[in-house]
Structures are given as structure tokens and as C-alpha cells.
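Comments concern the structure below.
Just so we're on the same page: letters track the sequence lines, and every chain starts at 1. Every heavy atom of this structure was used, including side-chain atoms; hydrogens, water molecules and symmetry mates were not.
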Protein chains: 2
Amino acid sequence: MRPTVHDIAAAAGVSLATVDRVLNQRAGVRKVTRDRVEQAIEKIGYVRDMAAANLAKSRIYPFVFILPSGDNSFMRGLEAEVHAAMLRAPLERMVISTVKVPAFNAEALVAALDEVRATAPAGVAVVAVESPEVIAAVNRLRAERIPVVTLVSDLAGSARDHFAGVDNVAAGRTAASLMGRFLGGRPGPITVLAGSMRVRDHRERLDGFRAVMDEDFPGHTLLPVIEGQDDPVLTEKLVGEALAASPETVGIYSFGAGNRGLIAALKQRKNAAPVCVIAHELTRHTRAALNERLIDAVLNQDAGHEVRSAVRVLKAKADGAEVICAQERIYIDIFLKDNLPFDEGDENQKPQQGKEL
Amino acid sequence: MRPTVHDIAAAAGVSLATVDRVLNQRAGVRKVTRDRVEQAIEKIGYVRDMAAANLAKSRIYPFVFILPSGDNSFMRGLEAEVHAAMLRAPLERMVISTVKVPAFNAEALVAALDEVRATAPAGVAVVAVESPEVIAAVNRLRAERIPVVTLVSDLAGSARDHFAGVDNVAAGRTAASLMGRFLGGRPGPITVLAGSMRVRDHRERLDGFRAVMDEDFPGHTLLPVIEGQDDPVLTEKLVGEALAASPETVGIYSFGAGNRGLIAALKQRKNAAPVCVIAHELTRHTRAALNERLIDAVLNQDAGHEVRSAVRVLKAKADGAEVICAQERIYIDIFLKDNLPFDEGDENQKPQQGKEL
DNA sequence: AATTTTCTGATTTACGTACCTCAGATTTTA
DNA sequence: TAAAATCTGAGGTACGTAAATCAGAAAATT
């Protein structure tokens, strides 16, 4: 049988109450006694039964996800994943709620963070916008010992507990490395397309891209950054103009979230010279474009992984348990047309189950 | 407050005992009463508290992982991940043990499966070897309602509950697609290096690779498969001979587990014409080779993800709970030198934590 | 030496579910 | 109609931990 608190008490020659005080770091235990209990714990190899502990606490974990509103595919997907997590939450005594704030609006985000703080949640996940005020607001949460996880977009310089997202510099570097090799020495300029350079993720991606391009593929120059504001119409117009102005363009790196406009612009020039296109985020649109060979590669962050990771980390932090770092690292997925995952909504999905007996 | 069994009893106008009989599908309840209880459950939205249920059952989950012995880096890594999972297991009332069997030996695997079955575990994870006898042995486990998950290598045609591993055909296709584009039209033959063609994973990878090569890059021919038996010395010798015999080779696809020999052979020919090399499994050796630009890309299956996924699925199956499919899909990671994750053992690891308040 | 403060032990209740026993009610069979 | 079989209710104990209360014991302060 697995050892229990009673076994510790017996082994250390103290009462249950003392063991409880040590285990839950409550006051009222002498140093020597505490040491004796800890040695006993060590010796008999006790591990706390989390299920029983939570049952006894009859604790529920109210977690809040603060998400940007707006209609780009990635954020909608993220929201869907949060919703899916909401449905599963009760199984582990969690309650997940969401708060929507206007995208890229630091002031609104600060207000939301403070409002959420007033409800004393067990943890907060937030898609960060960079600003000193937001950092301060996050730190106010942390000052009240409320765990905070940044989601998708990190908040450097804050006291957030964890970042559930990808390394965007590495993503940009990877894009450059792929594009450089796909072009195979074919010289020419490269067009870079952002949503907005005011967002940290996008800046980091460009930094990584530029670094590897300069270092490993000096034959290519980067044209001035196009900022499409994640707006399909605007993006299509700007990309069309840029391609017309620089017909010798050999590559496009799109690291924003609005790929619909890019794809539309690419379709316009079916008969022009081939251009190597690398984009971010696997959506209905980029998936189709991969299959039509309009896009060569898509770098993706799996929103589902990010949300589930955020939930796990928040729960672990709330429990004071340890986080398995390797499990919580979000990898950059690289998709070519050849390794696209089967679509959730696809009827022709490959069966994953074995036959029934 | 979340509804409990008491609330069901009150809502259905029956006693706790009857609710219990319905919930745990015990005999002794009339059809009409059963229906009334089930309607009440539906209506008040009851979900069983698994933690409390398991506590009451004082159930522990003995899971067994059957792994091949042998010393290749990937399997050693897998074993390390299983060991890590063993240490975390008690937190969730699980006990994980391992059984080692000689690699690629169907007879020994069948014996191990039957031996494990005699211990009546709560679930079994197994790195499968393809054979009718193994399928039968797995089905014997399933016939006793013991959940079975195949790990890394699947067992088609068996009644296994789940496969925790990557789509190896897609992996081969991806490798071909990357290599074709990296070569950028430069013609020439391609050398393919397997561990053994008797293993399903390897065959599938080659099938995928060949399919995309034939379809999209007909300029390349595949040289006869080299089988290095995952032996470094043998592999180095065979690769050296192959490169000498076909000096016009432009690419090497290594889809076995023994890359040390390949890398040694590549180092021998430092001044020869460049060859595009794509290998499988990120290990100390392939990581170093990526950084030295001896290897261009590494396709990887994350052993940690696979093991943790297997454990989660086994627990869910043992509990009769649902499996989150999207969470359990293991992606193929593509690593270039630009997106290598920070090494676990690396001292210069990038700090992941925010500053403390 | 008296008082306060700090520490420790013993005991109890509660969390939500599983599972057991026993008694009474209802239905079916002889 | 009696006997047997089947259903249902009531009530209890157990799982391992948390957290509270209260009573002593030891130590520190007057």
C-alpha cells in the first residue's frame, strides 16, 4: 500500500496535525520537528494524493482567459479551443470563463485585468499587449499570488509565471532557412508582410527572418515591410501593388494573421514567375493554399496545445505543484502539403481507432 | 455548487442506492426507475467526480510499458521518458512498470504480452512488432478489457485502443518534399538508408518518400535501400561504399535509428560535392550534425509526447472517460538548425521563467 | 515564579463517491 | 394465497487529505 499522512505521523513520532502543518507549510512547528517530519516523508517516499487533497479542500479553480476580440481565423480558433477546454473543465474541478477585449488595446486590457483581479480567480491566462501599464497590471495580479500565464504573445519584463506560446524569433529564423533553401540560390528580393509591427510576435518573427537571411543567404534583399493590419482587403491591395512594383520578387514571408488577402493577391497572378511563399498559422485558407501550391510552407502554433498547456500550468501553479517543462514547450509546427493533419471537420478523415472486438 | 449524487437522488425521487446502481450499471433497478434516474442526471447536468470516485475505490492503475531493449539513442530516450513518467505516476494513483524484450522479436513480445496479461494490469503500452501472433496476443489482452496502446510502432489489424505515434507515411512524404525543394532541380540519384525493412515504420517512411519523389520530383532516382541494422559500424561502412560507388549522389534519406554511422561517413568526405541529408530522430548526434551542417533537416517524433500521450490515453480508457483526439495526435517535428529546441542538459538554456516579485 | 507566547497532540468533521448490509416493498411463481 | 424472487430504500463505513477546535506542554518574557 502507498504511504499516507498517517504513516508519516507514525514514522516521525508526531501527530497527524503536525504532519498537516508541515505538508501545508502552516506555522506552529519547531524547526527540529519539521526536519524530523520531512525526513520521515523522504524516507517512506510519501507523495500527496492530489485527488484526495482537492476533494478535502472541495476546491474549485476559477480560471479566466482574456482574449482579443476581432475576427481573424487564428484568434477564432483559439477561442474555440478555450471553449472546448471550458467543457472539459468540470471533470477536474475547474471553471473556465473568458473575457474579450479589443485587440491591441493596452488600456482596455489593463481595465480587464483589474476587473478580473477583483473576482479573485485561481489563475489568469492572457494574450498580452506590450506596454508598461499592462506589465504593472499583471504584476498586481501576481502580487496577490494569482498565477498568470501569457498566451500566444508574451509580456517581457513582467512577473508572469509562464508563457504558453512559441519562440517567434526561432519561427522567423526557420522561415528564412526554409525559404533560402527552397529558392536554391535563385536571387531576387523578398517581400515581407506583417499584420502590424506594433505587436511583439510579429517583430520577433521579422528579426529572426532577417538575421538568418543576412547571415546565410546574403543574395536576397528584404523589401520594406508591408503592414496589412490583418485586413483581407487592404492586404490584397498592398500585396498586389508590391508585386507589381517589384516583379522580380522571388519570395514572400507573411507573418501576420491575415492571409486571406495574400492568397487572393497570389491567385491574381497565376501566370507570373513562381514565388516562394511562407506564411504563418494553419487555417482553412492557408491549408487550401498549400494544397493548391500557392503557399509552399506554413509555420503554425497549435492553439489547442497552447490552451491546454496554459490550463495545465495554471492548475499546477494553483496547486503549488511542479510544471513539466518539456511537456509545456510549444513547438513550431512546419506544414508542407505532404504532412497536413487530417482536418477535424473532414469527412474523409483517416480512422484512428482499432476495430472493435 | 456542482451537483452530486445526492442531487440526482432528490431530483429523481429515489434513494442514493438506486442512483449508485444506475451510475455503476449494477443490477437491481427496474427499467422505468433507471430511465427516471438517467433523465435526472441529464437534466441537472451531473458529471461524476472522478477524483472522488477513484478515491472511494482506492483504485490504483498499474500500467505496463513493453519496450525493446537495444542501445540506439531513440529507444534509450523513450525509456528515459517512461522513467520520468514513472516518477510522476503516483500523483495520479498510477504505477508504471516496464518490461524489456529483445528488439524485433515477435516471439519474445508475445511471451511478454501474455506474462503481463497474467498480472491483470489496468493498461498496457507496447512498441509493436508486426506479426499475426502479436496481433493475437494483443487481442487476448483486449478480450479481458485491458486497454492497449501501441507506442511508436503501430499494429494494424489488431484491436488496440490507440496508437501513440506519428504518421510515418506522412513523414516520408515530408522528407521527400523537403529534399526535392532543397535540391532545387539539381538532378542526381538519392541514397536511402534504413535500419531494417522488416519494421513497419521504416517501410512506411520509404513508401511515403518514394511516392512524393516519383510524383513531384521525377528527376531523381532512388538507389537500392541500404539496411544498416541500426549498427554504427556497419552503417558507416555501407554508406561509405555507396557514396564511393555513386559519387553523383545528391541526397541521402536516413529513416532508421542508427545515425552515428551515417554522420561518421559524411565526415569522411568533407571536400566532396554537397549532399542533401535528411534524417530521423533528434538525438545528441543528429543535433550536432545539424549544427555542423552535415545534416540539413531532421524529422522527429517527440518521445516525451508519445509516452505522456500513452499514459493519458490508458488512464482515460481505464476510467471509461473520453479521449481528446486533437490532444493525442503526435505531430512530426521538423528541425532545421534554426529551430532546435534548447537542450535539456544545456547550461546555456534560455530562461523560461519570469522574474520573481 | 507568574504570565504570556509559541509549539504540539488528539480528535472531529467534511469532501463526493463506492460499496456493503439489512429491511421492507413489490412483483412473480408455485 | 403462500412462498419465492426481485426490486428499492435507508443507513452505514471507507478512501486520503484538509482544516478546525481544544487542551496541554514547552519555551520565552515579564
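Taking 4.0 angstrom as the limit, B:Thr33 places none of its side-chain polar atoms (N or O) nearer than this to OP1 or OP2 of D:dC7. Residue A:Thr4 places none of its side-chain N or O atoms closer than 4.0 Å to OP1 or OP2 of D:dG16. Between A:Thr18 and C:dG9, a side-chain N or O to OP1/OP2 separation shorter than 4.0 Å is present.
Remark: C1' of C:dT6 and NZ of A:Lys31 are 17 Å apart, rounded to the nearest angstrom. If you measure from atom CG of B:Leu55 to atom P of C:dA14, you get 17 Å, rounded to the nearest angstrom. Separating the CD atom of B:Gln25 from the P atom of C:dC19 is a distance of 12 Å, rounded to the nearest angstrom. Distance A:His6 NE2 to C:dG9 P: 14 Å, rounded to the nearest Å. As a whole-Å value, the separation of B:Ile60 CD1 from D:dC15 C1' is 13 Å. Atom CZ of B:Arg36 and atom P of D:dC7 are 15 Å apart (whole Å). Distance CD1 (B:Ile44) to C1' (C:dG16): 13 Å, rounded to an integer number of Å.
Paired regions of DNA chain D, where each region holds three or more successive Watson-Crick or G-U pairs whose two hydrogen-bonding distances fall under 3.5 Å, are C:3-23 with D:8-28, C:25-30 with D:1-6.
When every heavy atom of A:Ala137 is checked against every heavy atom of A:Asp114, the shortest pair comes out as CB-OD1, 4.4 Å. Here the closest heavy-atom approach between residue A:Ala303 and residue A:Leu78 is recorded as CB-CD1, 3.7 Å. For B:Ala108 against B:Val101, the heavy-atom pair with the smallest separation is O-CG1, 4.1 Å. Pairing each heavy atom of A:Arg308 with each of A:Arg88, the nearest pair is CG-NH2, 3.7 Å.
A distance-only check finds no donor-acceptor pair linking the side chain of A:Arg160 to the backbone of A:Val149 [under 3.5 Å].
A salt bridge links A:Lys100 with A:Glu79: the closest approach of a Lys/Arg side-chain nitrogen to an acidic carboxylate oxygen falls below 4.0 angstrom.
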Going by atom type alone, with no hydrogens or angles, which donor-acceptor pairs under 3.5 Å involve a side-chain atom of residues 39-48 of chain B and a protein atom two or more places apart or on another chain?
from    : atom 1 : to      : atom 2 : distance (Å)
B:Arg48 : NH2    : B:Asn24 : OD1    : 2.6

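Annotation for B:Glu38: atom CD counts as buried by contact number, over 12 foreign heavy atoms lying within 6.0 Å.
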Identify the pairs formed between an N or O of the protein and an N or O of nucleotides 18-26 of chain D at a distance under 3.5 Å, and give each distance.
from   : atom 1 : to      : atom 2 : distance (Å)
D:dA18 : OP1    : A:Asn24 : OD1    : 3.4
D:dA18 : OP1    : A:Arg48 : NE     : 2.9
D:dA18 : OP1    : A:Arg48 : NH2    : 3.1
D:dA18 : OP2    : A:Asn24 : ND2    : 3.3
D:dA19 : OP2    : A:Arg26 : NH1    : 3.0

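B:Asn54 is not listed as a side-chain neighbour of B:Glu92, based on a closest heavy-atom distance of 4.5 Å or more.
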